[in-house]
Amino acid sequence: MRRPLIIANWKLHKGLEETKAYADRLKGALTDEPEYPNVDLAICPPFPLIHPLSEMLRESPVAVGAQNVSIRVEGAFTGEVGINQLKDTGAQIVILGHSERRNVFNETDDLIAEKLALVLTETNLTPVLCVGESLQVREKGEQAAFTTRQLESALHNVSDELAGRIVIAYEPIWAIGTGVNATPGDAQAMCKAIRQVFAARFGENAGSELRILYGGSIKPANWRDIFAGEDVDGGLVGGASLDATDFFALYQIALGS
Ligand code: PGA
């Protein structure tokens, strides 16, 4: 059985005070929940908030993670944050290859493959690898071919032993921050295609254990139907995760399904 996972991606939002208010609210909401819930929750705030947030959530089941990490480990690389700093912050997961990293900051498939290998070999962090097509690709009907190619490229350097630590997020670019989510059928079809590629590469067991998240304009109102997809194991949530009440509502929907 795959444990569902819901990750808040705060992107470049929130300061320390807002983070504290959010953590208090979420912890308050979680007090009535079972001690060992069947759904994993994580929050990825901007780098400077990772450590304070992980302290605030220390007694809760919510994990904290990063939205990115540098390929550089140490040295004269002004402005970078590396794996050693992340280990010290309390981060447990790291998002890699988000489309905003690819498109706004020009991260290439090769760079993302290198980062994935670095995180797997040099840390205990859970990498959440993002893949997904643009509107142009979708309009040509090439979403499955494009996304699986992106996936194969990222997995290029991954050994069978380490593959089991990976989480994949299918995030169609046209659905991110637009209010237009993929239909439940489309999300399911793409998550299934991703699972097949992973199974072909690492074996049937690895494929059936892989956790695949959908991301792109998830809201409490559309989440139940998307999450019902057999191959959809959770969500990577931007906008709706900024409100602790909405994020908690997504969690409760996943618990109830
Ligand atoms: P969104 O963002 O939920 O605001 O569409 C998702 C993401 O970028 O991870």
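When a ligand or atom number is given, it counts from 1 through the structure's own listing order. Predicted model only: the values in this text are computed from it and were never measured. Quick note: numbers below take in every heavy atom, side chains included, and nothing from hydrogens, waters or symmetry partners.
Taking each heavy atom of Glu100 and Lys11 in turn, the nearest pair found is OE2-NZ, 2.9 Å.
At a heavy-atom distance under 4.0 Å, only side-chain atoms of Asn9, from C-beta outward, approach ligand 1. For Ala175, every heavy-atom contact with ligand 1 shorter than 4.0 Å involves the backbone, none the side chain.
Atom 9 (O) of ligand 1 has its closest protein heavy atom at Glu171 OE2, 2.7 Å. Nearest non-hydrogen protein atom to atom 4 (O) of ligand 1 is Gly239 N, 2.8 Å. Ranking the protein heavy atoms by distance from atom 3 (O) of ligand 1 puts Gly238 N, 2.8 Å first.
Against a heavy-atom cut-off of under 4.0 Å, His98 is close to the following atoms of ligand 1: 7 (C), 8 (O), 9 (O). In summary, the atoms of ligand 1 found under 4.0 Å from a heavy atom of Gly177, numbered by their order in the structure, are 1 (P), 4 (O), 5 (O). Within ligand 1, the atoms closer than 4.0 Å to a non-hydrogen atom of Lys11 are 2 (O), 7 (C), 8 (O), numbered from 1 in the order shown. Taking every heavy atom of Gly216 and a limit of under 4.0 angstrom, the matching atoms of ligand 1 come to 5 (O).
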Scan the side chains in residues 153-160 for donor-acceptor partners under 3.5 Å anywhere in the protein, sequence neighbours excluded, and list what turns up.
unit_1 : atom_1 : unit_2 : atom_2 : d
Ser159 : OG     : Glu161 : OE1    : 3.4
Ser159 : OG     : Leu162 : N      : 3.4

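Using a 3.5 Å distance cut-off with no hydrogens or angles, the side chains of Lys115 and Asn68 do pair a donor with an acceptor.
Note on ring orientation: taking the six-membered ring where Trp is involved, the planes of Tyr22 and Trp10 are perpendicular (angle over 60°, cut-offs 30° and 60°).
One N or O on the side chain of Gln188 and one on the backbone of Asp231 form a donor-acceptor pair closer than 3.5 Å.
The residues Arg102 and Asp109 are annotated as salt-bridged, a charged nitrogen and a carboxylate oxygen being separated by less than 4.0 angstrom. Salt bridge Glu55/Arg58: present, at least one basic N to carboxylate O contact under 4.0 Å.
Using a non-hydrogen distance threshold of 4.0 Å, Ala240 does not register as a contact of ligand 1.
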